[in-house]
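So the structure is just underneath, and the comments pick up after that.
Note that the structure is a prediction, hence the values are computed from the model and not measured. Start at 1 and go down the list; that is how both ligands and their atoms are numbered.
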Amino acid sequence: MDHAAARALLNWQIELGATEAIGDAPVDRRDLPKVPERKRAAADASAAPPPEAADPVAIARAMAEGAASLEALEAVLGTYEHCDLRRGARNLVFADGTSGARVMIIGEAPGRDEDLQGRPFVGRAGQLLDLMLGAIGLSRAEADPNRAVYITNILPWRPPQNRDPEPQEIAMMLPFVERHIALAAPDLIVPMGNISCQALLGRKGITRLRGQWTEAAGLPALPMFHPAYLLRNAAKKREAWHDLLELQARLREGT
Ligand code: URA
């Protein structure tokens, strides 16, 4: 083949879409021995094993542990793609109040108002929560760590129709919540409602758990009724008041 013919052939390959040369010698695949389909599939599989299916919880843990500040944690959570709830939500709801506060409240998930505003506990349940906290001298607007609170949820995205979160959704978010607690560094935690207790204590049954000191994420924790539950069951406010006084007494003791 002369130079001009070789060049024409090369141009023809380029026009067909060839972008690189992968061997010095051409291979005529019509002359290769036939490999039965099943054997070929097995050979392909052993030559290039598929990458292990990504474990969303392990990815969440690695991302959360890499966050050195609350700002970094919020940013990294915003890039976490494995939880489908984010696709139906308007906003990521990270936290409100004062980080460094002695008390950290952990609710369930944003509702409609929280999703719209991007802040936790701003709807009716949140208004009741503010009243409850105010009754024992605590406020999310306060800067003094002794009287401030820091508030977040187990899930940062609103579940569709406010449905309960799936166990896998909780599992994916837990590494972020645990890191959130470590970075906010409260003296104690108040898990509010069943979902929060399930996530942080591995136990459900808020009616039995509430008002009893336990431990979560290595810190003293006092489970309480969720304010949305109190809005529907006003008679339970009596027990919630008892729990608030218990929280206040513990804060006065020092931890
Ligand atoms: N309920 C919650 O658990 N969290 C919110 O932020 C609002 C309602």
Side-chain angles (χ1 to χ4, degrees), residues 70 73-74 77-78 80 83 85-86 88-99 101 103-134 138-142 148-174 176-181 184 186 188-207 209-211 216-217 221-234 236-237 239-240 243-244 247:
L70 290 167
L73 186 67
E74 181 173 5
L77 190 51
Y80 183 76
C83 182
L85 292 177
R86 64 173 294 141
R90 286 187 179 80
N91 279 300
L92 174 109
V93 177
F94 187 67
D96 199 14
T98 305
S99 62
V103 178
M104 182 164 178
I105 309 269
I106 307 186
E108 174 182 335
R112 183 178 169 277
D113 296 306
E114 291 77 19
D115 182 43
L116 284 170
Q117 293 189 37
R119 285 173 61 213
F121 282 105
V122 292
R124 281 185 66 226
Q127 287 158 20
L128 177 57
L129 175 63
D130 285 340
L131 289 174
M132 290 163 65
L133 295 171
L138 299 177
S139 162
R140 66 171 104 188
E142 183 59 63
V149 286
Y150 187 64
I151 304 178
T152 190
N153 285 307
I154 298 295
L155 298 184
W157 296 291
R158 181 191 184 196
Q161 278 84 46
N162 296 346
R163 67 156 168 76
D164 279 354
E166 305 283 346
Q168 176 68 354
E169 290 163 350
I170 295 178
M172 280 188 253
M173 289 303 115
L174 198 54
F176 292 106
V177 175
E178 286 170 348
R179 187 74 185 135
H180 203 156
I181 295 169
L188 45 91
I189 296 173
V190 177
M192 288 198 138
N194 260 325
I195 300 294
S196 187
C197 286
Q198 188 188 349
L200 293 167
L201 313 175
R203 278 182 286 162
K204 264 182 145 177
I206 189 65
T207 307
L209 293 171
R210 59 142 281 276
L222 184 66
M224 286 183 57
F225 282 134
H226 194 288
Y229 175 77
L230 295 173
L231 286 173
R232 297 191 302 270
N233 299 276
K236 299 288 181 188
K237 286 186 182 167
E239 285 149 75
D243 300 347
L244 286 168
L247 175 63

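- Counting all heavy atoms, side chain and backbone alike, Asp243 lies closest to Gly211 at OD1-CA, 3.3 Å.
- Using cut-offs of 30° and 60° on the angle between ring planes, the pair Phe176 and Tyr80 is perpendicular.
- Heavy atoms of His226 approach ligand 1 to within less than 4.0 angstrom.
- Of the candidates Ile154, Leu155, Asp164, Asp164 is the only one forming a side chain to side chain contact (heavy atoms under 4.5 Å, CB included) with Glu108.
- Closest approach of Ile206 to Pro223, counting heavy atoms only: CD1-CB, 4.0 Å.
- Listed by number with element, the atoms of ligand 1 under 4.0 angstrom from any heavy atom of Pro120 are 6 (O).
- The shortest N or O to N or O distance between Phe121 and ligand 1 is below 3.5 Å.
- Among protein heavy atoms, atom 8 (C) of ligand 1 sits closest to Ala109 O, 3.8 Å.
- Side-chain atoms of Glu114 do not come within 3.5 Å of backbone N or O of Ala109 as any donor-acceptor pair.
- Residue, atom and distance of the protein heavy atom nearest to atom 4 (N) of ligand 1 are Asn153 OD1, 2.7 Å.
- The shortest N or O to N or O distance between Glu108 and ligand 1 is below 3.5 Å.
- The Gly107 neighbourhood of ligand 1 comprises atoms 3 (O), with distances under 4.0 Å to a heavy atom of that residue.
- Although no hydrogens or angles enter the test, the distance criterion places no donor-acceptor pair under 3.5 Å between the side chain of Thr152 and the main chain of Ile106.
- Close N/O approach between Gly111 and ligand 1 is not found [any backbone or side-chain N/O within under 3.5 Å].
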